[in-house]
2 protein chains.
Amino acid sequence: MPSSLLSLLGDLVSVNQRLTRLAARATGSSESPAVWRTLSVLNSGGPMRLGELAELSRVAQPTATKLVSNLTERGWVNRLADPDDARASQIAVTTAGAAALIAWRDELAGAMLPLFADLDTDDVAVLRRAVEIIGQRADAAADLAPGAPVTAPPEGQS
Amino acid sequence: MPSSLLSLLGDLVSVNQRLTRLAARATGSSESPAVWRTLSVLNSGGPMRLGELAELSRVAQPTATKLVSNLTERGWVNRLADPDDARASQIAVTTAGAAALIAWRDELAGAMLPLFADLDTDDVAVLRRAVEIIGQRADAAADLAPGAPVTAPPEGQS
DNA sequence: CCACTATACATAGCCGGGCTATGTATATGA
DNA sequence: TCATATACATAGCCCGGCTATGTATAGTGG
């Protein structure tokens with residue numbers, strides 16, 4: 001039944017997009033997803049260089065530069081000189097940044113909670129497992145295409 | 001444990017964002033998510049007026065105007081005069097638009113298929129159920145806040 | 001029929017996020 | 001030392017998102 005798996009994946013992405021937009025509205029947060037994504041990556045990965053951040057965030061390097069600039073102005077990340085390489089600097093989340101991230105996640109989940117409050121134990125388990133499954137695949141995909149953020153139209157696969 | 005439900009929702013959104021971005025990369029499609037979202041709404045809802053499209057897409061009206069303009073130029077939607085109301089027009093997906101949407105969904109799912117090909121029957125069932133659950137909630141949310149796309153800070157009573 | 005308000009959409013204008021192309025400074029290796 | 005590679009910054013473009021506002025048509029009271 002691979003064809004049903006195909007349509008399942010299509011549905012998954014589409015319902016995902018709805019949920020993402022819904023969640024964004026739910027908070028009323030004026031911050032863009034990119035802000036939270038960047039903070040997320042930095043928060044879970046620890047201080048890292050800009051290139052690494054770009055790769056993990058799966059955006060092009062100049063985009064990461066812009067985002068880090070914005071976040072630096074807000075005081076949510078800072079740049080520490082890298083003693084080993086004067087070209088680079090370590091990007092790190094500040095305490096304020098981490099706090100903002102936590103606050104946003106709480107707010108987001110809190111806003112969505114009413115919609116999901118009626119889930120029974122089985123459904124909660126289903127969602128938990130789904131998150132796990134998708135997370136694994138996202139990790140795997142990151143490993144498979146580490147150097148190809150978006151830029152690459154490599155082709156060549158038959 | 002409602003607190004674990006909270007963190008589950010946070011994780012759900014976060015893994016969602018990863019998946020969405022991953023999926024976008026997977027196709028190599030240069031089209032933006034907004035294009036597919038708009039076509040999706042029109043395709044599943046049938047021809048509708050611009051305001052209705054904006055509401056269902058959960059964007060502000062001028063955003064919908066822009067998107068429809070772009071899509072019209074590409075020949076993926078067209079505007080038909082509304083005989084009952086000269087201010088409005090019915091927006092409809094063209095055959096080409098519907099075909100492009102299907103092609104994209106196939107491409108998307110096809111690109112993601114390798115990542116999910118090793119799922120066993122139980123995991124497929126889990127994902128299917130998760131899609132169903134989230135879809136229900138998204139529908140419910142749409143019903144709850146039908147007139148509030150993003151614009152409304154509840155001021156401005158006359 | 002006329003004026004007035006309400007509605008549906010278009011236009012203008014701003015901002016942020018995404019990209020490519022290219023510049024600049026530092027590392028690195030022959 | 002010099003050439004090349006690497007890490008990031010800058011410039012410049014486009015699109016999607018918004019608010020504010022304009023314009024044309026609907027609807028309605030007189």
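Within every chain, numbering begins at 1; the chains are lettered A, B, ... in the order of the sequence lines, protein sequences first and strands thereafter.
Contacts classified as salt bridge (Lys or Arg N to Asp or Glu O under 4.0 Å) and involving residues 79-90 of chain B (residues at least two apart or in different chains) are given here: B/R49-B/D82, B/R49-B/D85, B/D85-B/R87. Applying the side-chain hydrogen bond (donor to acceptor under 3.5 Å, both in side chains) definition to pairs two or more places apart or across chains, those involving residues 65-76 of chain B are B/E31-B/R74, B/Q61-B/T65. For residues 89-110 of chain B, no pair satisfies salt bridge (Lys or Arg N to Asp or Glu O under 4.0 Å), with sequence neighbours left out.
Considering only residues two or more places apart in sequence or on other chains, A/R128 meets the side-chain hydrogen bond (donor to acceptor under 3.5 Å, both in side chains) condition with none of them. For B/R37, there are no salt bridge (Lys or Arg N to Asp or Glu O under 4.0 Å) partners two or more places apart in sequence or in a different chain. Residues passing the salt bridge (Lys or Arg N to Asp or Glu O under 4.0 Å) test with A/R129 are A/E132, B/D123, sequence neighbours excluded. The ring-ring contact (aromatic ring centres under 6.0 Å, His included) test applied to A/W104 returns A/W36, not counting sequence neighbours. Shown here are the side-chain hydrogen bond (donor to acceptor under 3.5 Å, both in side chains) partners of A/N43, two or more places apart in sequence or in another chain: there are none. Every residue two or more places apart in sequence or in another chain that forms a salt bridge (Lys or Arg N to Asp or Glu O under 4.0 Å) with B/D118 is listed here: A/R137.
For the pair B/I91 CD1 and C/dA10 C1', the interatomic distance rounds to 12 Å; values are reported in whole Å. Look at CD on B/E55: it is 11 Å from P on C/dC9, rounded to the nearest Å. Taking atom CD of A/E52 as the reference point, atom P of D/dT6 lies 17 Å away to the nearest angstrom.
Distance check: A/L119 CG to B/I133 CD1 gives 6.0 Å after rounding to the nearest 0.5 Å.
Contact annotation for B/S32: backbone-only contact, meaning every heavy-atom pair under 4.0 Å involves sugar-phosphate atoms and none involves a base.
Taking 4.0 angstrom as the limit, A/R37 places none of its side-chain polar atoms (N or O) nearer than this to OP1 or OP2 of C/dG16.
Within residues 65-74 of chain A, the residues that place at least one heavy atom under 4.0 Å from DNA chain C are, in residue-number order, A/K66, A/L67, A/N70.
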Please write out each protein N/O paired with an N/O of nucleotides 6-8 of chain C under 3.5 Å, distance rounded to 0.1 Å.
from  : atom 1 : to    : atom 2 : distance (Å)
C/dT7 : O2     : B/R87 : NH1    : 2.4

Name the pairs: protein N/O against N/O of nucleotides 22-24 of chain C, kept only if under 3.5 Å.
none

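Annotation: of the two residues near DNA chain C, A/V35 and A/P83, the 5′-most nearest-nucleotide partner is A/V35.
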Show, in sequence, the C-alpha distance, side-chain angles and deciding distance for A/L53 and A/L42, and conclude whether the side chain to side chain contact (heavy atoms under 4.5 Å, CB included) test is met.
CA-CA 7 Å; A/L53 172 61; A/L42 285 174; 3.9 Å; yes
